[in-house]
Every structure is written in structure tokens, then in C-alpha cells.
Amino acid sequence: MAANIDWVTCAEEQEKLITKVDSISLNKTDRIPNGSPKTGIGAEGEPEDKNVDEAPISPAERSLLQKIIRKGLVENKNDIEVQRKDPTSPLFSIKSFEALHLDPQLLKGVYAMGFNAPSKIQETALPTLLANPAQNMIAQSQSGTGKTAAFVLAMLSRVDPKKDYPQVLCLSPTYELAIQTGEVAAKMAQFCPEIKIRFAVRGEEIPRGTKLKEHIIIGTPGKVVDWGVKYQFFDLGKVSVFVLDEADVMIATQGHQDQSFRIHKLLPRNCQIMFFSATYEHDVMDFAEGIVSNPVIIRLKREEESLDNIKQYYVMCRNLEDKYTAISNIYGVVTIGQAMIFCHTRKTASWLSEKMSGDGHAVALLSGDLAIEQRIAVLDRFRDGKEKVLITTNVLARGIDVEQVTIVVNFDLPVDLARKADCETYLHRIGRTGRFGKAGLAINLVDGPETLAVLKQIEDHFGKKINKLDAEDVDEIEKLGKE
DNA sequence: AAAAAAT
């Protein structure tokens with residue numbers, strides 16, 4: 001990906017210039033074919049931006065601008081990389097939500113959620129996502145940097161409530177994530193009662209022949225294929241915005257991939273595509289670029305930064321029994337905050353949960369084995385802090401946002417089918433803690449030479465040393481837990 | 001291996 005990229009070094013002046021240039025390009029209706037800029041940025045009938053006349057571009061600025069455009073690439077002081085194949089697309093960032101010219105009711109919802117100013121990823125992603133003509137985007141930024149709010153805001157502002165059919169489709173890899181996204185959307189749209197949202201997930205049943213009237217569908221792949229492809233409860237050909245959350249798993253893992261493609265195939269040619277994830281393996285990013293036509297690619301730089309506020313350790317064990325002893329020792333201290341314990345299989349997760357419960361440790365369990373009602377109940381209890389320790393599988397590795405999670409324990413290290421380290425999942429798992437810049441603690445249980453090798457692979461991948469911790473040294477763990 | 005679809 002990074003090949004033939006030549007960075008334009010960033011200066012404060014450059015950013016000012018970009019802002020200036022953008023205000024010009026956005027108000028230039030002649031760059032939009034057939035006139036008529038739509039609602040949102042540069043709304044029709046709005047007076048020309050005063051900046052345009054007051055601050056024309058100097059020759060020096062123009063040459064710098066041309067350089068930027070030629071490279072199709074901008075680096076700004078927020079550590080955001082922007083890469084564009086189409087140099088004529090607008091390019092700018094915003095510093096306040098007002099600058100987006102949102103519907104006032106929607107803006108009210110944004111503020112009601114406690115968002116005062118856009119996060120880094122939002123500053124750059126939102127103007128592009130809301131610009132007309134619509135542009136496709138592949139965005140990468142770490143856990144807890146405001147990705148969900150970014151695309152939810154884009155989804156909501158793209159809805160035309162007067163049209164009573166689904167116009168926006170958002171796919172998530174798991175039930176829990178779809179619900180969480182829907183909750184964010186509902187909250188943000190709390191002052192926009194005309195916007196209707198529908199979940200297409202397990203447990204939702206509707207009679208044959210139904211035609212959905214909700215504007216936004218948020219769902220998981222299987223159900224969306226059922227509703228959109230098999231039974232045609234809504235017309236995928238009328239969807240104008242398609243969001244893939246955790247896009248890398250959605251397009252690259254067996255099962256999700258087929259379903260995502262079946263849906264993608266039926267979308268209209270001019271549908272705006274948005275890919276969001278914290279991680280894209282190199283190949284997957286190439287693949288994604290093949291799927292999304294002419295995307296604006298933005299990424300929050302230096303993914304290892306997200307690991308800076310998370311302390312990582314490992315405990316050397318000889319076998320399963322050792323691991324159990326270690327987890328029991330850790331248990332005593334993790335309850336200071338909340339903890340998530342990740343296992344490789346549902347079976348291990350339920351075994352561990354039963355064994356710990358049997359030994360008097362209060363733990364909760366969430367995996368795909370559970371009935372959907374159970375999953376809701378368990379996650380609710382965990383969110384409310386009624387459960388301190390949650391044993392789970394990769395189902396909750398991604399995206400789940402529980403603020404009080406201070407410790408992540410990898411009872412089993414994340415590995416792929418070839419038993420190689422799954423670094424993306426590792427990053428996502430430990431990203432459950434240390435959210436929004438808070439400190440976090442990750443403890444990995446290693447039970448032999450194979451898993452030690454996996455740990456090494458993870459260390460190498462992120463270039464971070466993972467220090468050893470003595471399982472018997474409860475005091476040490478306790479100290480860490482309290483920090 | 002997990003997830004996601006019912007069956």
C-alpha cells in the first residue's frame with residue numbers, strides 16, 4: 001500500500017491552505033456536474049463563503065496545492081493520512097460539527113450525546129462522507145476513536161425521510177455490534193423522529209411479502225441476505241449508502257465474505273460505499289480497494305499508538321491446569337474494574353465459565369452458543385457493571401464498547417486456522433480496554449512452546465515487548481490492576 | 001475456530 005507514496009510534509013500553513021482551498025472548491029458549483037449541490041455541505045442557496053473573495057490563492061499556494069493534488073495525498077497534523085485516486089474530489093477537514101451544515105435536529109442529537117468537537121477521524125472523514133457528489137471511503141482508525149459515530153452521522157444525514165423505503169444499509173459482523181450501532185444511531189437521531197431504523201438480525205421475523213418502510217437497515221449478513229436477496233423485503237437496488245463496519249472481517253473471512261458480496265452485487269452502481277475498521281491486513285486493504293471504486297482512503301497513523309496506553313504481559317504456564325491457576329489468581333484482582341477473558345472456542349469458554357463458577361468466582365459467559373435473549377441479557381448486565389468478569393470468544397473481540405473494562409485476559413491467544421498469530425484480532429481484543437485514551441492492562445496466558453511462538457509473532461508484528469509476569473506473583477498483578 | 005441463517 002505504502003509503495004510509491006511520497007509524503008507531502010505537513011505544516012500549519014498547509015492545513016490552512018487546504019481549509020481555504022476547500023471552502024473555494026466546495027462553493028464552486030461548476031465542479032459538480034449538472035449543478036445543484038444537494039443538502040449538506042455547500043447547500044444550495046447558501047451565500048458564497050466570504051473567505052473566497054477575501055483570500056484568493058496565491059501562486060505559491062497554488063503550486064503547493066497542485067503538488068498535493070498530484071500526490072493525491074495529504075498528511076495533516078492530526079496524524080491522519082488521506083489518499084485519493086481522484087484528485088478532483090474535495091479535500092478538507094472540519095473543526096466543528098457546525099461546519100458540516102447538518103440538519104439542526106441532527107446536530108442537536110450529536111451534542112446531546114456529549115460530542116462537543118469532532119474526533120480526529122471525524123474531522124477528516126465526515127466532510128468527505130457528506131460531500132456531493134457522494135464519494136466512497138475506506139477508513140481505518142483504532143478502537144475508540146469515534147468511527148461508529150462518524151459513519152452513523154453520515155448514515156443519518158444521507159436519509160431522505162420523505163422516501164419510505166430503505167436507503168441506508170449497514171452491515172456488522174455480529175449481533176451485538178449491530179445492536180450497539182443501532183443504539184448509537186437511535187440516540188443521535190433522537191430529535192429526528194421521522195427517521196426510522198430497522199434491525200435485520202437474528203430473532204427479527206417478518207411475514208413474507210412485507211415491504212420495509214424504514215429508512216435505515218442495520219444488520220448482520222445472514223439476515224440481510226434473507227431480507228434483501230432471498231425474500232426482497234426491501235430493494236437493494238434503491239440503497240444509496242452502504243456501510244461495512246469491521247470491513248476487513250466482512251470481506252476477508254469465510255462465510256461473511258460470500259454474504260457481503262451477494263449483497264454488494266445488488267447495490268446500484270452509484271451507491272456510496274463506506275468501509276470502516278481498526279485493522280486492515282495488507283492483502284485485505286488491496287482487496288478492499290478492488291471492491292470499492294475510486295475510494296478516498298483515510299487512516300489514523302501509527303496503529304501502535306493504540307497500544308501505548310495498554311500494558312501488556314504474559315504468564316508462562318505449562319498446561320491447561322496452570323492456566324486455570326493463573327486465571328484464578330488474576331481473578332482476585334481483576335474485579336477492581338471489569339475484565340474480559342477471551343477463549344479460542346465456545347467449548348473452552350463454557351468450560352472455563354463453569355469451572356470458575358464452581359470455584360466460587362462470579363463470572364458471566366457470552367458466546368454464540370447462547371440464545372439471543374441470553375446474549376442480550378448478559379451483555380446488558382456486563383454494561384451495567386452487574387457482572388465484573390466476562391468470559392467470551394471472538395464474538396466480542398471487536399467493537400464492543402464497555403468503558404469500565406480495565407483488563408483483557410487472553411486465556412487463549414488469538415490464532416488463525418493455520419495456528420499462526422492473528423494480530424488483527426489481538427489488537428481488537430486488547431482494544432476493548434484502554435478506550436478513549438484510558439490506561440488498560442492485557443494479560444496473555446502462554447501454555448507451551450507453540451503459544452510462546454505465537455506471542456513472539458505478536459511482539460514482532462507490533463514491535464512491542466510483552467513482559468513476563470509470574471503467575472504466583474499476585475501482588476504484582478494487583479499493583480498493575482490498581483494503576 | 002467463530003460468526004452468521006434456518007433447518
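All chains are named by letter (A, B, ...) in the order of the sequence lines, taking the proteins before the strands, and each is independently numbered beginning at 1. Quick note: numbers below take in every heavy atom, side chains included, and nothing from hydrogens, waters or symmetry partners.
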*Under 4.0 Å between any heavy atoms, over every strand shown, what does A:R375 touch: base, sugar-phosphate, or nothing? Just pick one.*
sugar-phosphate

*Starting at CD of A:E246 and ending at C1' of B:dA3, how long is that distance when rounded to a whole Å?*
13 Å

_d(CH2, A:W227; P, B:dA6) in whole Å_ = 10 Å

*Between A:R208 (CZ) and B:dA6 (C1'), how many Å, whole number?*
11 Å

*asked:* In whole Å, I'd like the distance from the CZ atom of A:F342 to the C1' atom of B:dA2.
replied: 12 Å

_Given B:dA1, B:dA3, B:dA5, identify the nucleotide with an atom nearest to the side chain of A:H256._
B:dA3

_Less than 4.0 angstrom from a charged side-chain N to a carboxylate O is my criterion; do A:R383 and A:E176 meet it?_
no

*When all nucleic acid strands are considered with a 4.0 Å heavy-atom cut-off, which category describes A:G255: base, sugar-phosphate, or nothing?*
base

*Roughly, in whole Å, what's the span from CG in A:D416 to P in B:dA3?*
17 Å

*asked:* So, OP1 or OP2 of B:dA2: does either fall under 4.0 Å of a side-chain N or O from A:S367?
replied: no

*Please check the phosphate of B:dA6 (OP1 and OP2 only) for any side-chain N or O of A:K223 closer than 4.0 Å.*
yes

*Nucleotide nearest A:Q259 when distance is taken to its side chain, options B:dA3, B:dA6, B:dA4*: B:dA4

*When you check the phosphate oxygens OP1 and OP2 of B:dA4, does a side-chain N or O of A:T174 lie under 4.0 Å from one of them?*
no

_Length of the line joining A:I206:CD1 and B:dA6:P, which is rounded to integer Å_ = 12 Å

*Dump the intermediate steps for side-chain contact (heavy atoms from CB on, under 4.5 Å) on A:N270 and A:S240, then the final yes or no.*
CA-CA 7 Å; A:N270 61 352; A:S240 52; over 6 Å; no

*Rounded off to whole Å, could you give me the CG-to-C1' distance for the A:N394 and B:dA4 pair?*
14 Å

*For A:D416, all residues meeting side-chain hydrogen bond (donor to acceptor under 3.5 Å, both in side chains), sequence neighbours excluded*: none

*Using whole Å, report how far CD1 of A:I391 lies from P of B:dA2.*
16 Å

*Please determine if A:K456 and A:E459 form a salt bridge, counting it only when a charged side-chain N lies under 4.0 Å from a carboxylate O.*
yes

*asked:* Between A:R432 and A:Q338, do the side chains contain a donor N or O and an acceptor N or O under 3.5 Å apart?
replied: no

